[in-house]
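Note: hydrogens, waters and symmetry copies are ignored here, and every other heavy atom, side chains too, is used. Residue numbering restarts at 1 for every chain, and letters A, B, ... go by the order of the sequence lines. Since this is a predicted model, take the numbers as computed values, not measurements.
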Amino acid sequence: MRRFALLLSILAWLALLGGFLVPGVVADWLLALGCALLPAALILLGSWRADVKARGLRFGILLLFLLLAGVLSALLIWRAHDPTGVQAVGRLLLQLCGLWLATLVLTGIVFPLTFDSFWPDDGDTP
Amino acid sequence: MALLARPWLVLTALGYFAAVTWIGLWAARRTQTAGDFFIAGQRPGLLVTGLATTAAAFSGFVFLGGPGLTYRMGTGSFFILASTGFTSSLLCWVVAKRLRLLAAVRETYTIPDVVGSRFGRGAAGWAAIAVLVGTIGYLGAQIQALGILVETVFGTHAVLGAWSLPVAMAIGVAVVLFYSTAGGMLAGVYTDLLQGALMALAAVAVFALALRSGGGLGGIVDSLRGSAQFGNRFLDPMGGVPTVTALGFFFVFSVGTLGQPHMLHKFFMLRRPRQVRWLPLVIAVSQSLCLLIWVGLGLAVPALVASGRLQALRNPDQATPEFLLHFAPGWLAGLVLAGALAAIMSTADSFINIGAAALVRDLPRALGHEAADEVRRGRIVGVVLTFGAALFAWAYGDLIALLGTFAFGTFAAGLAPALAVGLNWKGVTRRAASWSIAVGVIANLGLEITRRQSLVALPTIIPPAVLPAAFALVVSFLTLFVVSALDRSAVESIPADVEEVMGA
């Protein structure tokens, strides 16, 4: 799991580097991918000691961040196809609220549920 | 002077100052040891720690700088906020356990202490430098925000002209220094509890008022669309900035959270580590409530300017005080004003203590010296640091939010890779950590100076739309990997207790 997380994070960082240095539309997509995958990779890295039961949830995290990539990509598509900004604020707020709620699921549900798996009762001291 | 003519505003603000002063004096009497001064004697519980983290993280940046940034660049600035739902759990997932366990096995008061335990004195020294540079930027942003608030409340611009802001900043500095240097972090934590609650309350109230004043979301959109100054571009998904800038904001303010010492520092203070289970939720919800003021005023103030109900702003950072002056009833203006002051002062006093710790503890230890009487020295250094930060902010001369982004980016680029990866993977070497921190800080500072100076013509290193902090964070992380891959010899030299913490 740790190697997978490290590999994923390196890919995300390289995507971000490419996004910052390469001009054009491809750069935008690389940035969106890097922004979404990197937090997922770091969470997987941080919870590498979690037990087997938590693994499903951890892949859930990965899927959730892929959703995040999807939302960011949708914003890029929207920018490309609706540059006039008509009613944009309402839609933007809706999309940001969706993004916020989706990620709040991690904080309010997934994190408390997986907490015992990576920080057991006897884990207050090493 | 119009605000001073409203008695409820003045009474609310005075009531707030009285409460903070009382807490500061109470806390000062309880500050006996270095542990009390730097980590509040590990006494705070879940709610205190959660609200203190929010209050320390959210500052003049959110209450004044945020609406100002949106006024200048449109909805693209909201990408700073988009990650709020998960940054607190990201922190807890990636670093909280290692930090708390390390504090249990070693004397750990500061982030450079952590870096020193894992990577040795050289890396700890670089971490202290990163903390110092970021602290000066962050503290400067708070002082600048405080100055703008004081300037508005007391109407000093009409009397003092160009000297108004420096004088207003000096007045604010004096108040912050009083309770911060008197009580240290203990004062900070308990005043933060009051401040965090007040900030959330004020933000929710002003959000509702801002939307109503702007004519609702539909009215705001109509006003902005018809405006020559703002127009459709303001409403674009990325606002008035290129995609690379908007996503750069998202990137720095999500992953970069892992390097923020004022947030990480709170994990040392937890009374019971099991509280971490619900800590992210407390932080995320309170932060989300506070951010409503940014969204509300960021949209409403430009709309009010566009519709002619508010004069075009002399400085975008005036968005919050100008709105309060013209549209809020006295009691609400007083509450929001106190909330904004709370945000600024809580962050400022956190940074004074963190910066003082870097100078009186971390740098001397990295150089092999043990400083005597750290509490007394910490208080003296805090005063010097605050005046230095005020001068830096004056010299920077741009929006609060941009100065805040520089500071946030310095912490992110300097500390996030070494902490997030270094505490979870034994393959990171001492040399790699030192290089990563040094490259992150120097790259961010260098790119920022190169971009802002006009004395000599320098080649462009990165495209103008790329945030220096975002680029520096990527380079810092890649440096960590590359140097670790090239330098495998030091892997086995991790101290046994630290290795146990990493494996727990």
Side-chain angles (χ1 to χ4, degrees), chain A residues 2 5-6 9-10 13-14 16-17 19-21 23 27-28 31-32 34-35 38-39 42-43 45-49 72 75-76 78-79 82-93 95-96 99-108 110-112 114-116 118-119 121 123-126, chain B residues 75 78 81-86 88-90 92-95 97 101 104-105 217 220-221 224-225 232-238 243-244 247-248 250-251 254-255 258 273-274 276-278 280-281 284 288 295 299 420-421 424-425 462-463 466 470-471 474-475 477-478 481 497 500-501 503-504:
Chain A
R2 195 159 45 169
L6 284 168
S9 74
I10 291 172
W13 287 101
L14 289 174
L16 283 161
L17 189 65
F20 287 135
L21 294 178
D28 295 349
L31 283 173
C35 281
L38 188 59
L42 291 174
I43 287 175
L45 183 64
S47 58
W48 66 276
R49 286 296 300 264
L72 288 171
L75 278 171
L76 295 175
W78 174 15
R79 183 186 172 91
D82 183 19
T84 61
V86 179
Q87 297 300 322
V89 168
R91 285 159 54 185
L92 177 67
L93 287 179
Q95 209 142 6
L96 286 178
L99 194 65
W100 178 80
L101 277 174
T103 54
L104 193 68
V105 169
L106 280 176
T107 298
V110 179
F111 181 78
T114 55
F115 182 78
D116 286 331
F118 73 94
W119 200 326
D121 277 337
D124 288 354
T125 52
Chain B
T75 48
F78 289 160
L81 323 178
S83 60
T84 312
F86 74 90
S88 52
S89 54
L90 181 71
C92 291
W93 242 309
V94 181
V95 292
K97 184 179 180 184
L101 293 181
V105 299
L217 205 53
I220 288 171
V221 170
L224 291 170
R225 279 173 59 198
N232 285 329
R233 191 164 165 71
F234 187 94
L235 302 168
D236 191 270
M238 305 291 166
T243 303
V244 69
L247 291 183
F250 179 83
F251 166 59
S254 57
V255 174
L258 293 167
R274 310 288 304 161
V276 170
R277 182 197 294 270
W278 298 108
L281 193 59
S288 299
V295 176
L299 294 174
V421 182
N424 287 295
W425 182 41
I462 54 172
V466 176
F471 187 77
V474 172
V475 172
F477 193 98
L478 289 174
F481 270 121
D497 56 343
E500 205 172 342
V501 164

Exercise. Say you draw a straight line from SG of Cys92(B) to CD1 of Ile43(A); how long is it, rounded to the nearest 0.5 Å?
Worked result: 10.5 Å
Problem set entry | Minimum side-chain heavy-atom gap Phe251(B)-Leu38(A) below 4.5 Å | yes
For this session: Could you tell me which non-hydrogen atom of Leu42(A) sits nearest to which non-hydrogen atom of Val255(B), and how far apart they are?
Result: CD1-CG1, 3.9 Å
Exercise. Is there a side chain to side chain contact (heavy atoms under 4.5 Å, CB included) between Leu281(B) and Phe111(A) once you walk through the steps?
Worked result: CA-CA 9 Å; Leu281(B) 193 59; Phe111(A) 181 78; over 6 Å; no
Exercise. Which region of Leu81(B), side chain (C-beta onward) or backbone (N, CA, C, O), has a non-hydrogen atom less than 4.5 Å from a non-hydrogen atom of chain A, or is it both or neither?
Worked result: neither
For this session: Identify the two heavy atoms, one from Thr107(A) and one from Ala284(B), that lie closest to each other, and give their separation to 0.1 Å.
Result: CG2-CB, 3.9 Å
For this session: Name the orientation class of the two ring planes belonging to Phe477(B) and Trp13(A) (parallel below 30°, tilted from 30 to 60°, perpendicular beyond 60°).
Result: parallel
For this session: Would you please name every residue forming a side-chain hydrogen bond (donor to acceptor under 3.5 Å, both in side chains) with Ser9(A), sequence neighbours left out?
Result: none
Exercise. Non-hydrogen atoms of chain A under 4.5 Å away: do they reach the side chain of Val421(B), the backbone, both or neither?
Worked result: both
Problem set entry | Contacting region of Val244(B) [heavy-atom separation from chain A under 4.5 Å] | both
Exercise. Are any non-hydrogen side-chain atoms of Leu247(B) and Leu16(A) less than 4.5 angstrom apart?
Worked result: no
